[in-house]
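Everything below concerns the one structure shown next.
Throughout, residue positions are numbered sequentially from 1 according to the sequence presented.
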Amino acid sequence: MTAGQGSGGERKYQRIANELKAAITAGEYQPGDRLPGENELMTTYQVARMTARQALSVLQSEGIAEARKGAGVFVRTFRPLRRRGIQRLAQSQWGAGHSVWSTDLDEDRELIVDSVSVTEKEAPSHIADVLGLRRGDRVCSRSRRFVLDGKPVLLSTSHLSASLVAGSAITQEDSGAGGVYARLAELGHAPARFREEIRSRMPSATEAQELRLPSGTPVFLVCRTAFTEDGTAVEVNEMVLDAGSYILEYEFGA
C-alpha cells in the first residue's frame with residue numbers, strides 16, 4: 001500500500017472528502033455551517049495536516065464549500081443554477097419578449113446584469129471567420145456580467161456584424177424585451193438554430209477576480225453561435241461560467 005492511501009487504493013484525503021460530502025448530503029452540515037477544521041480532521045482521522053488540508057481543498061474545488069479568511073471552511077450557501085441549454089433558446093421565449101434566463105430562474109432568485117459595455121471594433125480573426133466577415137470588418141461587441149443572488153456567475157460577450165445591427169437597439173446597453181435575438185428577428189435575421197461548444201479550464205486572473213472565484217475553482221467556456229434559416233451566422237456569444245455555480249442541463253427527444 002502506497003503511503004497516503006487507504007484500503008482499495010483510495011487516498012486518505014479522498015476518503016475524508018467523501019465522508020464530508022456524504023455528511024453534507026445527509027444534512028449533518030447545512031448551507032452556511034462551518035466544517036471541521038484541519039486540527040479536528042487531524043485528530044479524528046489520525047492524519048497529517050497536509051492530508052486534512054487536501055480533503056478540505058477537494059470540497060472547495062468542487063464548489064461544495066468555501067474558505068472564509070480567519071474563520072474556516074463553510075458549506076456554500078449559494079444554490080447552483082440549472083442552465084436549461086435547449087429550452088432557454090426556444091423562439092417561444094425570446095420571440096415573446098422573455099429573457100433566455102427566464103427558463104433557468106426560480107421566482108425567489110434575483111438576477112442583476114452589470115458591467116454592461118457596448119463597443120464597435122475590428123472583428124477578432126476567430127470571430128470574423130465564424131461570422132463570414134472580411135479582414136478589417138467591424139463588429140458590435142456587447143459585454144456584461146450576470147450576478148445571481150449577489151454572486152457573479154457569468155461573463156458574456158456577444159459579437160455581431162456592425163453593419164448588420166447599425167442603428168438598432170442592439171447597439172444600446174438595453175437591447176429591449178426579448179434581447180438581441182428579438183431585435184435580430186425585427187431586422188429580418190431571426191435565429192433559426194444555435195450551436196454551443198463547451199469546454200473547461202482554470203480561470204485567468206481577471207476572470208477569477210470578476211467572478212469572485214474561490215481558489216481552485218474552474219470555469220466553463222461556452223461559445224454559442226446563432227444561425228439564420230439559410231445558415232448565416234449572425235452572432236457569436238463567448239461566455240465564462242463559474243463551474244461551481246452551474247448545472248448544465250440538456251433535455252431532448254431520442
Side-chain angles (χ1 to χ4, degrees), residues 17-18 20-27 29-35 54-69 71-90 93-94 98-117 142-158 179-180 194 196-224 236-251:
N18 289 338
L20 288 173
K21 285 189 283 187
I24 293 170
T25 301
Y29 298 104
Q30 296 292 322
D33 284 353
R34 182 183 179 278
L35 293 172
Q54 285 177 305
L56 293 171
S57 293
V58 169
L59 271 64
Q60 294 174 65
S61 66
E62 293 183 6
I64 297 171
E66 59 186 359
R68 300 177 189 172
K69 191 172 182 179
V73 177
F74 295 77
V75 180
R76 286 187 70 176
T77 57
F78 183 84
R79 286 181 289 153
L81 176 67
R82 189 174 294 274
R83 182 182 187 271
R84 296 175 171 88
I86 294 177
Q87 296 92 324
R88 68 199 313 269
L89 295 174
Q93 286 293 121
W94 49 265
H98 301 305
S99 164
V100 296
W101 281 77
S102 60
T103 60
D104 302 336
L105 294 176
D106 296 327
E107 291 183 0
D108 63 339
R109 310 202 72 173
E110 180 185 34
L111 177 69
I112 296 173
V113 183
D114 68 10
S115 304
V116 180
S117 171
R142 299 176 50 84
S143 298
R144 56 265 193 217
R145 182 177 71 165
F146 294 82
V147 181
L148 182 63
D149 296 339
K151 187 195 182 311
V153 295
L154 168 68
L155 306 175
S156 173
T157 301
S158 296
V180 166
F194 298 91
E196 286 195 341
E197 299 171 318
I198 303 172
R199 61 190 180 94
S200 182
R201 61 163 168 77
M202 297 307 294
S204 68
T206 299
E207 292 164 348
Q209 181 178 14
E210 292 185 5
L211 290 172
R212 300 207 297 264
L213 297 176
S215 177
T217 302
V219 292
F220 290 128
L221 304 182
V222 179
C223 182
R224 180 170 68 231
V236 178
N237 190 342
E238 298 180 302
M239 294 165 272
V240 182
L241 292 66
D242 170 8
S245 295
Y246 275 91
I247 297 171
L248 304 184
E249 178 184 294
Y250 295 88
E251 181 178 349

_Name of the residue among R144, R224, R142 meeting side-chain hydrogen bond (donor to acceptor under 3.5 Å, both in side chains) with S158_ = R144
*Does D104 have any side-chain hydrogen bond (donor to acceptor under 3.5 Å, both in side chains) partners at least two apart in sequence or in another chain, and if so, which?*
R88
*Between the side chains of N237 and S156, is a donor N or O closer than 3.5 angstrom to an acceptor N or O?*
yes
_Can you list everything that forms a side-chain hydrogen bond (donor to acceptor under 3.5 Å, both in side chains) with R76? Sequence neighbours excluded, please._
none
*Residues two or more places apart in sequence or in another chain: which of them pass side-chain contact (heavy atoms from CB on, under 4.5 Å) with L248?*
R83, I198, F220, L241, Y246, Y250
_Y29: partners by ring-ring contact (aromatic ring centres under 6.0 Å, His included), with sequence neighbours left out_ = none
_Enumerate the salt bridge (charged side-chain N to carboxylate O under 4.0 Å, His left out) contacts for residues 210-223, please, sequence neighbours excluded, ordered by first and then second residue._
none
*For R199, what residues pass the salt bridge (Lys or Arg N to Asp or Glu O under 4.0 Å) criterion, not counting sequence neighbours?*
none
_P218: side-chain contact (heavy atoms from CB on, under 4.5 Å) partners, not counting sequence neighbours_ = S200, M202, A243
_Set of residues satisfying side-chain contact (heavy atoms from CB on, under 4.5 Å) with respect to S102, sequence neighbours excluded_ = Q93, H98
*Spell out, as yes or no, whether a donor-acceptor pair under 3.5 Å connects the side chain of W94 to the backbone of L89.*
yes
*Is there side-chain contact between D242 and K151, with heavy atoms separated by less than 4.5 Å?*
yes
*Flag the pair L59 / L20 as yes when at least one side-chain heavy-atom distance between them is below 4.5 Å, and no otherwise.*
yes
*Any donor-acceptor pair under 3.5 Å linking the side chain of R34 with the backbone of A71?*
yes
*By side-chain contact (heavy atoms from CB on, under 4.5 Å) - contacts of Q30 (at least two apart)*: D33
*State which residues pass ring-ring contact (aromatic ring centres under 6.0 Å, His included) with F146; sequence neighbours excluded, sorted by chain then number.*
W101
*asked:* Among residues at least two apart in sequence or on other chains, which ones pass side-chain hydrogen bond (donor to acceptor under 3.5 Å, both in side chains) with R84?
replied: none
*Kindly write out the residues that satisfy side-chain hydrogen bond (donor to acceptor under 3.5 Å, both in side chains) with E238, not counting sequence neighbours, or none if the list is empty.*
H126, H159
*D106 (side chain) donor-acceptor with D108 (main chain) under 3.5 angstrom*: no
